[in-house]
Q: 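Just passing along the structure, written as structure tokens.
Atoms within a ligand are numbered from 1 in the order they appear, just like the ligands themselves.
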Amino acid sequence: MNPFPLKSVLTLLLTGALAMGTAHLAFADDDDDDDDDERGREKSSLFESRQALAPAVNATYSQECGSCHMAYPPGLLPPQAWAQIMTPEALANHYGDDASLSEELRTEISTFLGANAANVMLQMVPSGASNAGAASSLPRITESVDFKREHDEIPARLVTGNPEVGSFSQCNACHRKAAEGNYDERWIDIPGHGPWKD
Ligand code: HEC
Ligand code: HEC
């Protein structure tokens, strides 16, 4: 079996090109005509990168990892973080839940996540600072500095205090087009609150 189907290689290249741009590295053959992302380089974060936010295209991943929460965009965590999440031990104690998989599914999903992961180190908010007493030490998208920066003005009563949301991990509770990789403000609708105007 070919371990690198063309589609994965392309996705990998695209993700890589963008992530490398974010990390201020030159990418000579970048013919991406998305000027906004290019110009935004100085202050650009993963959360402004359309590639990083692209929805998952692997059916197994979407099915197995999209039942309790949305199947997160693989480009929002670096490969080491996905690898940590995908060990059998971690899956058995998955943020307080049991998300164990057969070895076959675990391998398929791990490979997919690794190939489509972010190409940058995500800076994490030190655990304890905002997440005091959390039982799990697994990495979180929602504990990254980039995520916090985007979401720091949203009061807790609309999130953890909101039974229709529960936590920031439920991206699609507020981002109505998250499944399509669209997090644009115009599609934000916080349950019980409505659109977001800042
Ligand atoms: C049995 C339910 C369940 C399944 C299946 C499941 N998860 Fe989770 N996952 C959770 C819970 C619960 C949380 C914590 C959510 C919270 O804090 O509100 C979580 C959190 C996460 C987070 C951190 C989200 C954040 O806050 O940044 C990631 C990443 C994640 N899961 C990935 C996966 C992957 C990959 C799979 C498939 C292998 C998977 N999940 C399958 C229940 C599940
Ligand atoms: C409680 C509702 C809520 C949840 C849950 C939530 N977000 Fe957001 N998100 C917002 C709001 C509101 C903004 C706009 C913040 C602002 O402009 O000050 C935002 C902004 C963003 C942006 C920037 C959009 C842009 O065009 O500037 C991205 C990307 C994003 N969120 C991704 C995520 C991801 C990924 C998750 C899940 C891991 C998530 N969000 C969970 C409410 C939420």
Q: Hey, what's the ring geometry for His175 with His151, parallel, tilted or perpendicular (30° and 60° as the breaks)?
A: perpendicular
Q: Could you list which atoms of ligand 2 come closer than 4.0 Å to a heavy atom of Val159?
A: 1 (C)
Q: Please report the C-alpha distance between Tyr183 and Glu150 in whole Å, then the side-chain angles of each, then the deciding distance to 0.1 Å, and finally whether the side chain to side chain contact (heavy atoms under 4.5 Å, CB included) criterion is met.
A: CA-CA 11 Å; Tyr183 294 84; Glu150 288 292 347; over 6 Å; no
Q: I'd like to know if Asp152 contacts ligand 2, where contact means a heavy-atom distance under 4.0 Å to any ligand atom.
A: no
Q: List every atom of ligand 2 that sits less than 4.0 Å from any heavy atom of Glu185, numbering the atoms from 1 in the order shown and giving each element.
A: 17 (O)
Q: Ala71 and Ser62: which non-hydrogen atoms are nearest, and at how many Å?
A: CB-CA, 3.9 Å
Q: Over all heavy atoms of both residues, which pair between Asp98 and Ser100 is shortest? Give the atoms and the distance, please.
A: OD1-OG, 2.6 Å
Q: Determine whether more than 12 heavy atoms belonging to other residues, nucleotides or ligands lie under 6.0 Å from atom CH2 of Trp196.
A: yes
Q: Short question: side chain of Asn162, backbone of Gly192 - any donor-acceptor pair under 3.5 Å?
A: no
Q: Could you tell me whether Glu185 and Lys197 have a side-chain N and a carboxylate O separated by less than 4.0 Å?
A: no
Q: Run the numbers for me: atoms of ligand 1, each under 4.0 Å from some heavy atom of Ser67, listed by number.
A: 5 (C)
Q: Only heavy atoms of Asp98, strictly under 4.0 Å: list the atoms of ligand 1 that pass.
A: 1 (C)
Q: Should the proximity of Ala71 to ligand 1, defined as any heavy atom under 4.0 Å, be assigned to the side chain, the backbone, both, or neither?
A: neither
Q: How close does the nearest protein non-hydrogen atom get to atom 4 (C) of ligand 2, and which residue and atom is it?
A: Cys174 SG, 3.5 Å
Q: For atom 13 (C) of ligand 2, which protein heavy atom lies nearest, and how many Å away is it?
A: Ile188 CD1, 3.3 Å
Q: Quick check on contacts: which atoms of ligand 2 are under 4.0 angstrom from a heavy atom of Leu76?
A: 35 (C)
Q: State whether the side chain of Arg176 and the backbone N or O of Asp189 hold a donor-acceptor pair below 3.5 Å, judged by distance alone.
A: yes
Q: Where do Arg106 and Met86 come nearest, in terms of heavy atoms and distance?
A: NH1-O, 2.9 Å
Q: Starting from atom 25 (C) of ligand 2, what is the nearest protein heavy atom, named by residue and atom, and what distance separates them?
A: Tyr183 O, 4.1 Å
Q: For residues Tyr61 and Val57: do they belong to one hydrophobic cluster (side chain heavy atoms under 4.5 Å, members Ile, Leu, Val, Met, Phe, Trp, Tyr)?
A: yes
Q: Using atom types as modelled and distance alone, determine if a side-chain donor or acceptor of Asn58 lies under 3.5 Å from a backbone N or O of Thr60.
A: yes
Q: What are the atoms of ligand 1, with element, lying closer than 4.0 Å to any heavy atom of Leu91?
A: 38 (C)
Q: Ala179 and Pro55: which non-hydrogen atoms are nearest, and at how many Å?
A: O-CB, 3.3 Å
Q: Angle subtended at atom 8 (Fe) of ligand 2 by NE2 of His151 and NE2 of His175, to 10 degrees?
A: 180°
Q: To the nearest 0.1 Å, how far is atom 42 (C) of ligand 2 from its closest protein heavy atom, and which atom is that?
A: Ile154 CD1, 3.5 Å
Q: Are any of the N/O atoms in Thr142 less than 3.5 Å from those in ligand 1?
A: yes
Q: Can you tell me the protein heavy atom closest to atom 18 (O) of ligand 2 and the distance?
A: Asp198 OD2, 2.9 Å
Q: Could you identify the single nearest non-hydrogen protein atom to atom 38 (C) of ligand 2 and state the distance to 0.1 Å?
A: Cys171 SG, 2.6 Å
Q: Taking Asn116 for the side chain and Phe112 for the main chain, is one N or O donor matched with an acceptor at less than 3.5 Å?
A: yes
Q: Before you tell me yes or no, could you show the steps for Lys148 and Glu143 under side chain to side chain contact (heavy atoms under 4.5 Å, CB included), namely the whole-Å CA-CA distance, both residues' side-chain angles and the distance that decides it to 0.1 Å?
A: CA-CA 7 Å; Lys148 296 278 187 193; Glu143 290 297 316; 3.7 Å; yes
Q: Would you mind running through ligand 1 and noting each atom that sits below 4.0 Å from a heavy atom of Ser167?
A: 16 (C), 18 (O)
Q: Can you name the closest pair of heavy atoms from Ser169 and Thr142 and give their distance?
A: N-CG2, 4.0 Å
Q: Starting from atom 15 (C) of ligand 2, what is the nearest protein heavy atom, named by residue and atom, and what distance separates them?
A: Glu150 O, 3.3 Å
Q: Backbone or side chain, does any N or O of Arg140 fall under 3.5 Å from an N or O of ligand 1?
A: yes
Q: For a quick test of reading the model, state the closest non-hydrogen atom pair linking Cys174 to Pro191 and the distance between them.
A: SG-CD, 4.3 Å
Q: Where on Phe168 is there a heavy atom closer than 4.0 Å to ligand 1, on the side chain, on the backbone, on both, or on neither?
A: neither
Q: Give the contacting part of Arg106 toward ligand 1: side chain, backbone, both or neither, where contact means a heavy-atom distance below 4.0 Å.
A: neither
Q: Around atom 27 (O) of ligand 1, find the nearest protein heavy atom and jot down its residue, atom name and distance.
A: Ile141 N, 2.7 Å
Q: For atom 29 (C) of ligand 2, which protein heavy atom lies nearest, and how many Å away is it?
A: Phe47 O, 3.3 Å
Q: Say whether, by atom type as modelled, one donor and one acceptor occur between the side chain of Trp82 and the main chain of Pro74 under 3.5 angstrom.
A: yes
Q: By number and element, which atoms of ligand 2 are closer than 4.0 Å to a non-hydrogen atom of Leu53?
A: 29 (C)
Q: Return yes when Met86 approaches ligand 1 closer than 4.0 angstrom through a heavy atom, no otherwise.
A: yes
Q: Would you find a donor on one side and an acceptor on the other, under 3.5 Å apart, between the side chain of Asp146 and the backbone of Leu46?
A: yes
Q: Touching ligand 1 at all, Gly166? Heavy atoms, strictly under 4.0 Å?
A: no
Q: May I ask whether Leu138 has any heavy atom positioned less than 4.0 angstrom from an atom of ligand 1?
A: no
Q: Looking at Gln170, which atoms of ligand 2 are within less than 4.0 Å of one of its heavy atoms?
A: 5 (C)
Q: Among protein heavy atoms, which sits nearest to atom 28 (C) of ligand 1, and what does the distance come to when rounded to 0.1 Å?
A: Tyr72 CE1, 3.5 Å
Q: Excluding waters, how many protein N/O/S atoms sit closer than 2.8 Å to atom 8 (Fe) of ligand 1?
A: 2
Q: Kindly determine whether Asn182 and Leu53 satisfy side chain to side chain contact (heavy atoms under 4.5 Å, CB included), including the steps that lead there.
A: CA-CA 8 Å; Asn182 184 343; Leu53 294 166; over 6 Å; no
Q: If the plane angle is over 60° it's perpendicular, under 30° parallel, otherwise tilted; pick one for His69 and Tyr72.
A: parallel
